[in-house]
Amino acid sequence: MKIAVNTGGGDAPGLNAVIRGVVLAANQKSWEVFGIKYGYMGLIDTKQIIRLTPEYVWNITDIGGTILGSAVRGNPFKYTVQGSDGKVSETDISDKVVSNFKALGFDALVAIGGDGSLTIAREFMKKGIPIIGIPKTIDNDISATDVTFGFDTAVNTATEAIDKLHTTAKSHDRVMVVEVMGRYAGWIALHSGISGSADVILIPEIPFDVEKVCQKIKRLELIGQDYAIVVVAEGAIPLGGKLSVIEKKPGGELRLGGIGQKVADEIEEKMGKETRAIVLGHLQRGGAPTTFDRLLCLRFGTAAVRFLEAGMFGTMVASRSTDIYAVSIDEAIGQMKKVSRDSDVVQTARYLGISFGD
Ligand code: F6P
């Protein structure tokens, strides 16, 4: 077999560990592996294809980012080009990707990506490219798998930041509002907020009322805690309000952000209490993957090779309970996994006295 691997969409800690898992497992079978750089772009400009030998990947498990690069705007079905008049238009270059894939003699593609990249992978499957998907995103919002890689590392980074904010918040009797990533799901905020002993956690799944947040802060003052930590998911929505959007990206996706500052401003205005907002942003996507993510990635990468061996094309590697399963890519995409209000973790937070602003 001659297999291709690519990484698409926003990066996540652990991508390199997955690549290593694929390469080493394929090597056991004496298969050849090639890395397609920048998502599918390496199949347009084929100079961007590299042979991935075991030597090439020998010590990349702990390195963040992706050695293959990623192209967030690299959807070959809606490739954006700028005309000489400066106007941007979309064009479909997917046939070129397929013909180059075939001309280069690849037998299958291991596509490592989130919902967007796996949706593109499904379109290529329909055009005849045999694909195995691997779910990646720090947001942990893919429903067909219990967990995506990168999430644990992002939660660790956020928790560490929240831990550090406690001391400065306490020194100045301030409210610190921390905005974390997660897009339309509150997983990062929920897990890091509980683990980092936040007082308030605001997530997209539970619309919040700033008045309730202020009441919680007042209750803390009554018991002698003059500072507070509020963790806000970037997709959190005030009751009757709307998402905080920075911009619409090419391709139509929304870039979220700004809710942390809005919440901080409102708290300060309503309570007259000094409040600061910080945005953790892409820090959550960087750095070395945690041990949990490294292992998950190596399991995902090697499982993809097992699925290829079994001819299970069109499937995505998924972690369920303690094992790895194959689920159909069709089933896996387009179904966002949101935090359930009744889940054990939400109940845990409530019983710890954490407010969701509801
Ligand atoms: O999906 C991962 C993610 O980091 C989201 O949490 C965040 O909303 C988005 O990507 C940021 O995207 P970009 O890298 O384009 O700013």
Side-chain angles (χ1 to χ4, degrees), residues 6-15 18 38-39 41 64-66 68-75 78 80 111-121 133-145 147-159 161-162 178-193 201-205 231-237 242-262 277-287 289-290 293 296-297 316 332-339:
N6 72 353
T7 54
D11 67 347
L15 281 164
V18 176
Y38 305 109
M41 292 306 105
T66 164
L68 296 178
S70 191
V72 183
R73 291 171 181 86
N75 181 353
K78 289 181 179 173
T80 47
I112 312 170
D115 196 66
S117 310
L118 293 176
T119 304
I120 298 171
I134 300 186
K136 161 243 64 166
T137 167
I138 63 163
D139 304 334
N140 196 34
D141 59 356
I142 297 182
S143 61
T145 181
V147 67
T148 54
F149 72 84
F151 171 64
D152 186 65
T153 308
V155 169
N156 268 273
T157 301
T159 305
I162 297 165
V178 194
E179 182 181 304
V180 298
M181 281 186 167
R183 220 182 280 273
Y184 306 111
W187 297 105
I188 297 177
L190 181 65
H191 285 226
S192 64
I201 301 173
L202 306 177
I203 58 174
E205 294 83 348
V231 175
V232 190
E234 61 180 1
I237 305 173
K242 51 185 179 31
L243 269 177
S244 280
V245 177
I246 296 175
E247 62 166 349
K248 200 174 199 171
K249 298 198 247 185
E253 202 178 282
L254 301 179
R255 186 166 151 230
L256 305 181
I259 187 68
Q261 188 63 56
K262 287 181 192 162
I278 76 152
V279 180
L280 295 189
H282 293 80
L283 274 177
Q284 295 156 98
R285 295 231 302 253
T290 57
D293 271 337
L296 184 65
C297 289
M316 185 192 84
I333 58 181
Q335 296 190 41
M336 196 181 294
K337 183 176 66 185
K338 298 263 222 169
V339 172

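When a ligand or atom number is given, it counts from 1 through the structure's own listing order. Residues take their numbers from the sequence shown, with the count starting at 1.
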Quiz item: Salt-bridged, E179 to K262, with N to O below 4.0 Å?
Solution: no

Quiz prompt | Donor-acceptor under 3.5 Å (S143 side chain, Q335 main chain) | solution = yes

Self-check item: T66: side-chain hydrogen bond (donor to acceptor under 3.5 Å, both in side chains) partners, not counting sequence neighbours
Solution: T7

Self-check item: L256 touching ligand 1 at heavy-atom level, < 4.0 angstrom
Solution: no

Quiz item: Counting N and O atoms only, with roles assigned by atom type, does the side chain of W187 sit under 3.5 Å from a partner on the main chain of K337, one being a donor and the other an acceptor?
Solution: yes

Self-check item: Residue part near ligand 1, for K249, under 4.0 Å between non-hydrogen atoms
Solution: side chain

Exercise. Just jot down the side-chain hydrogen bond (donor to acceptor under 3.5 Å, both in side chains) partners of D293, sequence neighbours excluded, or say none.
Key: T153

Quiz item: At a 4.0 Å cut-off, with the gap strictly under it, does some heavy atom of G10 reach an atom of ligand 1?
Solution: no

Exercise. Would you mind listing which atoms of ligand 1 come within a distance below 4.0 Å of any non-hydrogen atom of E234?
Key: 5 (C), 6 (O), 7 (C), 8 (O)

Self-check item: Sub-4.0 Å heavy-atom contact, Q284 with ligand 1
Solution: no

Practice problem: Go through ligand 1 atom by atom and flag the ones less than 4.0 Å from a non-hydrogen atom of G182. | Solution: 6 (O)

Quiz item: Short list, please: which atoms of ligand 1 are under 4.0 Å from a heavy atom of H282?
Solution: 13 (P), 14 (O), 16 (O)

Quiz item: Do V18 and F149 touch side chain to side chain, with heavy atoms closer than 4.5 Å?
Solution: yes

